[in-house]
Every structure is written in C-alpha cells, then in structure tokens.
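Quick notes on the structure that follows.
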Amino acid sequence: MLINFLLSLLFTLSHAIPLHTPNRTAPTLTSTSVASFSKGTWLENLVIRQSDGNALVTILSAPEIYLISTSNEFAPIKVATFPNALGCLGIVELRHDIFYVVVGNWSASTGLSTPGSYSIWEIDMKERSPKTSKVADLPESGFLNGMTILNPALGVLLISDSYYEAVWSVNVYTGDVAVAVNDTTMATVPGASPALGINGVHLIGGDLYYSNTNKATFNKIPIDIHTGKATGPAEILLQSTTREIFPDDFAIDLYGNVWMASDLYGELDLLIGAASGAGTVTLDIVAGSRNDKSNTGWTSAQFGTRKEDVERGSLYVTTNGGPLNYIYQNWTAGGMLIRLDTVELGLY
Ligand SMILES: *[C@@H]1O[C@H](CO)[C@@H](O)[C@H](O)[C@H]1NC(C)=O
Ligand SMILES: *[C@@H]1O[C@H](CO)[C@@H](O)[C@H](O)[C@H]1NC(C)=O
Ligand SMILES: *[C@@H]1O[C@H](CO)[C@@H](O)[C@H](O)[C@H]1NC(C)=O
Ligand SMILES: *[C@@H]1O[C@H](CO)[C@@H](O)[C@H](O)[C@H]1NC(C)=O
C-alpha cells in the first residue's frame, strides 16, 4: 500500500512539468517598422502571401484586411471588409490567393466576446478587386481566434475557440462544421480577465501545437489529419506564469523552435526545441521590452518567404499598440507590422 503510494508519487513527480522562468539575458533582436497604423488600430494576425511574399494582415478593431508590402513597395492597401462584425482574427492561404479568415465580435474596449457571432469567410485575391464570400456561420462557438489548415485536399480548416476549450473544424467546400478536439489544456482559467484559453494553433505533420494564454502554456496534441480528432493525449510542452509570458499566436521554424508573441508585454518568447520532439524546452525573451510604449502589444508572428527574408530569417510580427489601452483609450502607439531578423541570434 505504502509502496504503491510512494511509487505513484514518484511517478507524478517525475512527470510534473517544470515551471519555466524565462531567460532575460538573451540578446535582444532589433525591431524594424514595416508599416504603422493610427492609434486604436489593432493588427491581430497575418499570413505571408505565397505569390509575392507580402503580408495579408487582419484587423481586430475593425472588420478589415490589409495587404502590406514586406519590401516597402507600396503603402498598406485595404483589400476586404466584412458586414455585421467588429473585427477579424486568424487567417490562412489554402490555395494560391484563396484566403480564409475568422470574422466576429470580440470587443477590444471590453475584452469580451459575443458568443455565436463568428463566421468564416473566403477572400479570393486572384482578381484585381478581391471578392469575399461567407463559408460558414458558427453559432455555437464562443470566441474564435487562431486558424490553421488541417487538410488542403479536403479543404478543412481548424479554428481555436478561446472561450469553449475547443478546436473547431470547418470544411470550406461543404460548409460542414464540427468540434474536432475538446481538451482541458485548451480551457480558460476561471475568473481570469480577459478569458482567453487556447489561442494560436498550427499543425506540423499530425501534431497540433497551441498556446493557452490564461494558463501560460504551450501544448501539442496528435490528431487525425482527415477528421481533426485527437488520436492521443495532449502534452504540455511549456508551463510558465502570466507574470512572465502572455502567449498569443506563434510561428514554428524549420528546426522546431517556436517564436511566440507575448501580447501584453510586447515581447517575443523563443521556445527552443518546443516543436522538435526533443523533449527539452528552453524559454528566452529575445525581442521587445515591457518599457517600450511606442512598440507594444505583440499579437502574432510569421516568417517571411522572399529571398532577402530567408537570408535574414525575417520574422514579421503584428502589434496592437497595447491591449489595455483599448479599455482606457489612452494609446501611445498604433498597431504596426514589424520585422525581426532572427539570424542575428546565431541559431541558424
Ligand atoms: C541565458 O541566455 C544567455 C544568452 O544567450 C546565455 O549566455 C546564458 O547561459 C543563459 N542562461 C541560462 C540560465 O540558461
Ligand atoms: C456585431 O456587433 C455589431 C455592433 O455592435 C452588431 O451590429 C452586429 O449585429 C453584431 N454581429 C453579430 C453577428 O452578432
Ligand atoms: C468542451 O467541453 C467543455 C467541458 O465539458 C464544455 O464546457 C465546452 O462547451 C465544450 N466545448 C465545445 C465547443 O463543445
Ligand atoms: C492606460 O491606462 C491604464 C490604466 O490606468 C494603464 O494601465 C496603462 O498603462 C495606460 N497606458 C499607457 C500607454 O500609459
């Protein structure tokens, strides 16, 4: 009896996830401004366009999408707006110049979502003037946030629900909607404000990686690439605290390192090896500063694809100008698209 108890205690202890305290002595990458918007413009998410390496950026403070040149060739162009919505969130490019985006009502001034207000829209950028059309409504969703492609051939997308501890699947060809995964690692922390559980989602092979803002975690779960259903248990790869990190969306590099935007703190968290299967994960703060009021509120990150971008390891980061400032309307900066050249760290 006692032996059994001791053995199970030992098992629990050896499997406990260590609490990660970030290394803040790591070198800080320089931020270069690519585009700046007016105060109160919240840049939320982005995708790098396959055809030309420019960025398609979603705005959360207005139901709008902008095309931003990553080589300073033109000023930002508004390419789409959506009716009956406060803003846009996750975005992907499923086929050349066919994009899908989350549209719905999350209010930056209250930090609250209107459950049931979300829909998925297509943006067809093949023509000179882009065309938009609705793919599906998700009346049972709580707060749709990040988006990733599950299966390009089947046209299935996965979308995180930051309120209802789940990932939804949407088939863009049939309009079918289903709950793909529901797991406690995706839940909010009761009483946390704002309520934000699972946030960014990205699929690599058969593993779905995701951040959880309230729990200050980075996680993965194996899934079936046809249905999106879990094929095994979720794993917490990194556990920190919301005093140290504020996980928003992220990018995964070719080596399985994770570059995660730490929204409230205006910092970039580097999780070396988090998506490499190596088992050990380190946490470094590699860019941004909590004291910088001119460049703050980092929401998501994606690697550039032009030749210069690949050489520099350019990571494009969207910012909102500080999430708290939307409540008090006391911004000191607008949202921006910034570039960080990750080769400066000497990792590659
Ligand atoms: C923190 O990062 C610095 C710079 O990369 C490195 O020299 C140092 O060894 C790290 N400290 C720990 C405790 O990992
Ligand atoms: C979203 O909010 C706007 C402004 O309050 C409102 O007009 C619209 O009907 C809402 N949309 C949905 C789908 O609830
Ligand atoms: C996921 O499960 C939880 C706990 O049972 C439930 O509260 C939540 O509504 C579920 N989410 C969805 C989208 O069905
Ligand atoms: C705006 O006001 C809030 C509440 O007083 C404060 O937390 C925040 O730091 C202020 N923003 C700036 C940019 O000073």
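Whatever order the structure lists ligands and atoms in, that order sets their numbers, starting from 1.
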Quick one, L158 with V201, criterion side chain to side chain contact (heavy atoms under 4.5 Å, CB included). Give me CA distance, side-chain angles, the key distance, then yes/no. CA-CA 8 Å; L158 295 178; V201 278; 5.5 Å; no

Going by the side chain to side chain contact (heavy atoms under 4.5 Å, CB included) test, name the single residue among D224, I223, T231 that passes it with T227. D224

Is the closest N or O pair between W331 and ligand 4 shorter than 3.5 Å? no

Hey, can you pull the donor-acceptor pairs under 3.5 Å for the side chains in residues 335-348, sequence neighbours left out?
| residue | atom | partner | partner atom | Å |
| --- | --- | --- | --- | --- |
| R339 | NE | D341 | OD1 | 2.9 |
| R339 | NH2 | D341 | OD2 | 2.8 |
| D341 | OD1 | S314 | OG | 3.3 |
| T342 | OG1 | G313 | O | 2.7 |
| Y348 | OH | D253 | OD2 | 2.4 |

Determine, using ring centers only, whether Y210 and F218 are less than 6.0 Å apart. no

So that I know where these two stand, are W42 and Y326 an aromatic pair - ring centroids less than 6.0 Å apart? yes

Should E122 and R95 be marked as a salt bridge (charged side-chain N to carboxylate O under 4.0 Å, His left out) after you check the CA-CA gap, both sets of side-chain angles, and the distance that decides it? CA-CA 11 Å; E122 181 182 281; R95 312 192 302 282; 5.3 Å; no

Could you list the atoms of ligand 4 found under 4.0 angstrom from a heavy atom of N325? 1 (C), 8 (C), 10 (C), 11 (N), 12 (C), 13 (C)

With heavy-atom distances below 4.0 Å as the criterion, list the atoms of ligand 4 near T332. 13 (C)

Report the C-alpha distance between F143 and L196 in whole Å, list the side-chain angles of each, state the deciding distance to 0.1 Å, and finish with yes or no for side chain to side chain contact (heavy atoms under 4.5 Å, CB included). CA-CA 9 Å; F143 174 11; L196 262 171; 3.6 Å; yes

Dump all N/O pairs between ligand 2 and the protein below 3.5 Å as a table: atom names plus distance, one pair per row.
| residue | atom | partner | partner atom | Å |
| --- | --- | --- | --- | --- |
| ligand 2 | 2 (O) | N105 | ND2 | 2.3 |
| ligand 2 | 11 (N) | N84 | O | 2.9 |
| ligand 2 | 11 (N) | N105 | ND2 | 3.1 |

